[in-house]
Amino acid sequence: MLSASCYFYMAFVPIYILILGFTIIIDYFAGILLETTIGNKRRYWLIASLVANIGVLAVFKYYNFLNDNLSELLNSIGYHNTIPSLSILLPIGLSFHTFQAMSYTIEVYRGHQKAERHFGIYALYVMFYPQLVAGPIERPQNLLHQFYEKHEFDYDRISEGLKMMLWGLFMKIVIADRLAIYVNAIYNNPAEHGGKSFALATVFFAFQIYCDFAGYSNIAIGTAKVMGFKLMTNFNRPYFSRSISEFWKRWHISLSTWFKDYLYISLGGNRVSIPRWYLNLFIVFTISGLWHGANWTFIIWGAINGFYLVFAIVTENWRKGVNHLIGLDRFPKVLHAVQVLITFLLACFAWIFFRADNTQEAFTIIQKISSMSGPLFLDWSSSIMPYSLFGIFLLLAVEIKKEFYKDSVSFINHPYALVRYATYIFLFLTILLIGVFDGGQFIYFQF
Amino acid sequence: MAANLFISNSDNSMKMNQYIKFFKNVVILLAVLIVVDQITGYLMRRLYFNMVAGENYRETFTIDSSNSDIVVFGSSRASHHYVPDLFEEKFKMSFYNAGRDGNFFLSNYAAFKAVSKRYTPKLVIFDINPNELMYRKSDYEGLSSLLPYYHDHPEIRDIIELRSPFEKYKMFSAVYPFNSQLIRIIFRNLSKTPETYQKGYLPLFHKMKDIKADNDLVEPAGEIDKNKIKALNDIATYCKKKNIKLAFVCSPVFSNSKEIFGSKIIKEITKAEQGQYLDFSTDTVFDNHPEYFQDNIHLNDEGAKLFSTILSNEIYKFMNHISVDKNISVISLKADSY
């Protein structure tokens, strides 16, 4: 399994296995030392491990960003920055495996996890190939012990895993990559398109990034399941959230809980003064934005989500009052729908920053959307639109069923084999017929 | 002891049953999938080649049926720029415009190979934006339009297989060659309106409104694509061997203050031979004349007619060994030097 994981990682940029090896060695020994030493020394070993991990992240992911910003800052006060930029490729999935490695040493430090003595097992914990490059970011308590267990052949489990992989593949190839064609056509040519096109492209991007990332997670979790491993759920139909707070409990769950467990709680969580609590939320989400990429657009995206959360807390009573005043609370289903819609629109607004190339462009796009200027670009000739709408329709149908009709039987798990097989064939055939085979990498591989 | 043995045997038997059940179901699923794929692919194929109009039909016509003396290959800048009647009048030869929107040099090269396998045209024109010689991922993706011809045209397989190392395996599927074509195929089969553009020329009738002095031909991106240089070489070699007159032409753009980057490359690699290709990208007749354009890189019908008249005259002089204003040549390119 470790060899397979090494091969998988080296299929991208082989030499970067050395970086991974470096942090694995440090964290492996740090884990043992954290367990065997006492007193302040434990803290030093933890710091050493965190510095090594964050250091690698800082050099490969943030160095040029920091250097560029330093240059701009110095230029603005009349100085010239002579520190050269680095010309390096970002190791694939760096943020994911670094965070997974950090969760190990922190858990050992906290005494929640025994240090792993078997080097190969520890290396596999960091490098387990289904989730190495784009998560879910696992915890040692959930994953490490599974490498010691014997995994028997289990028909139902394998079948379940394969179904998850098939659905993940469908989400990526049929929905995400199809939507990406329209989104890229609009976002890559901001001067050529108006507000209506950007509004549609932004909604499409919301579905694209969901299907791209949740699709990958399904494939990863499904692959692990086939081999007998249980990875944590990473997405839980986030666009049915009734608030941004709920959204973050359903979106990229492994990262949200990582930040909650290791940063938010370390900062004091909500057991502090109210202004500090708000600040904690804001800090955590801003750093979460930075985790996604070395660009101000990601930082602002994170900060916007932090602001949403603080705003939601501050205005909670006021919003309840408004709902009562206009009588919306007497119609719970309508209220539910309105809340879901507002949450989706808020998420879409933040996605503008996530997708735009730079902040200037993001603000221009917002300006265009707010004025709804220009015609709506609808390229019917290339069939992007009908395929895209079909994909979104199918996704919503599946997600509505899972969200609101949990007890009813789905086609893919139907007791009649004929229905199940027809569903598999339909999904395969749809992938072949309207999937995009030149769609490229998963978006989150770059993080 | 006997009880343990019994439990153990029972466990093994259950496991074995699970294995058998799993592999049986996988085999059934694969078998059904293959059958459905082949049936659907067969139907798609029938419907695809049953189309009587549209760009897929024109592609099929180019590859399977065209027999004109003069053929022009290229992208939308070919399909909208070369007026067949004007060439036919000048040369007293038949002309077919095989230009196709969104299809660039590698696709054009494949179409040329398919055509030249069937017959020998007298004159072949390649409308080429010299920056097409740079590596562009989208050019390889664009080869997907040739997938329906993969099985019947072995001469273009090597070009299609440049898309990815897995392309030949993907082609085991009968549906895959028609990927993303479903709606187009259905609509074209429902609407039996015959092809309006019999000789491949697709006129544009609007005049440029949003006048901007920049265009996307000027700035190159990436590195020289060796596959494309090899294709240039192959075309030149083949035409020389078969005595086909060959012209590379960069048709006009609205405004282009400097020479297109890739032009220098073509000039450089043709230097060792006899000349240059015909570059209209900085031609003053068209430069900054919005009345001849629909947008920055596409001539309207009026512009296309003017361009076709000028170009046909130039090529006519060349073919009759009259000294030409713009030097068109049968070129031989050196791929190794790039």
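In the text below, chain A, chain B and the rest are named by the order of the sequence lines, each starting its count at 1.
The environment of B/Leu30 atom CG is dense: over 12 non-hydrogen atoms of other residues, nucleotides or ligands sit within 6.0 angstrom. The neighbour count for B/His151 NE2, taken as heavy atoms of other residues, nucleotides or ligands under 6.0 Å away, is above 12. Atom NZ of A/Lys230 sits in a sparse spot, with 12 or fewer heavy atoms from other residues, nucleotides or ligands closer than 6.0 Å. Within a 6.0 Å sphere centred on CG of B/Leu190, heavy atoms belonging to other residues, nucleotides or ligands number more than 12. Within 6.0 Å of OH on A/Tyr416 lie no more than 12 heavy atoms contributed by other residues, nucleotides or ligands. Within a 6.0 Å radius of CE in A/Met1, other residues, nucleotides and ligands contribute more than 12 heavy atoms.
The one candidate from B/Phe166, B/Tyr140, B/Tyr176 that meets the ring-ring contact (aromatic ring centres under 6.0 Å, His included) condition with A/Phe437 is B/Tyr176.
Looking only at side-chain heavy atoms (C-beta outward), A/Val436 and B/Asn179 stay at 4.5 Å or farther from each other. Using a 4.5 Å cut-off on side-chain heavy atoms (C-beta onward), B/Val32 and A/Tyr424 make no contact. Side-chain contact between A/Leu162 and B/Phe22 is present, with at least one heavy-atom pair separated by less than 4.5 Å. Put simply, the side chain of B/Asn25 reaches to within 4.5 Å of the side chain of A/Tyr155, judged on heavy atoms.
Between atom CG of residue B/Leu33 and atom CG of residue A/Leu429 there is a gap of 7.5 Å, rounded to the nearest 0.5 Å. The distance from the CG atom of A/Asp156 to the CD atom of B/Gln18 is 7.0 Å, given to the nearest 0.5 Å. Here A/Arg420 contributes atom CZ and B/Leu29 contributes atom CG; the two are 11.0 Å apart, rounded to the nearest 0.5 Å.
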Could you go through the side chain to side chain contact (heavy atoms under 4.5 Å, CB included) check for B/Val36 and A/Phe428 one step at a time? CA-CA 10 Å; B/Val36 172; A/Phe428 273 121; over 6 Å; no

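Interface with chain A: from residues 38-51 of chain B, residues B/Thr40, B/Met44 qualify, criterion being any non-hydrogen pair under 4.5 Å.
Heavy-atom distances place the side chain of A/Ile158, and not its backbone, under 4.5 Å from chain B. Only the backbone of B/Gln181 comes within contact range of chain A, judged by heavy atoms closer than 4.5 Å.
Taking all atoms of both residues into account, the shortest heavy-atom contact from B/Ser180 to A/Gly435 is OG-O, 3.9 Å.
Taking the side-chain hydrogen bond (donor to acceptor under 3.5 Å, both in side chains) definition, one finds that B/Asn103 meets it with B/Glu59, B/Ser145, sequence neighbours left out.
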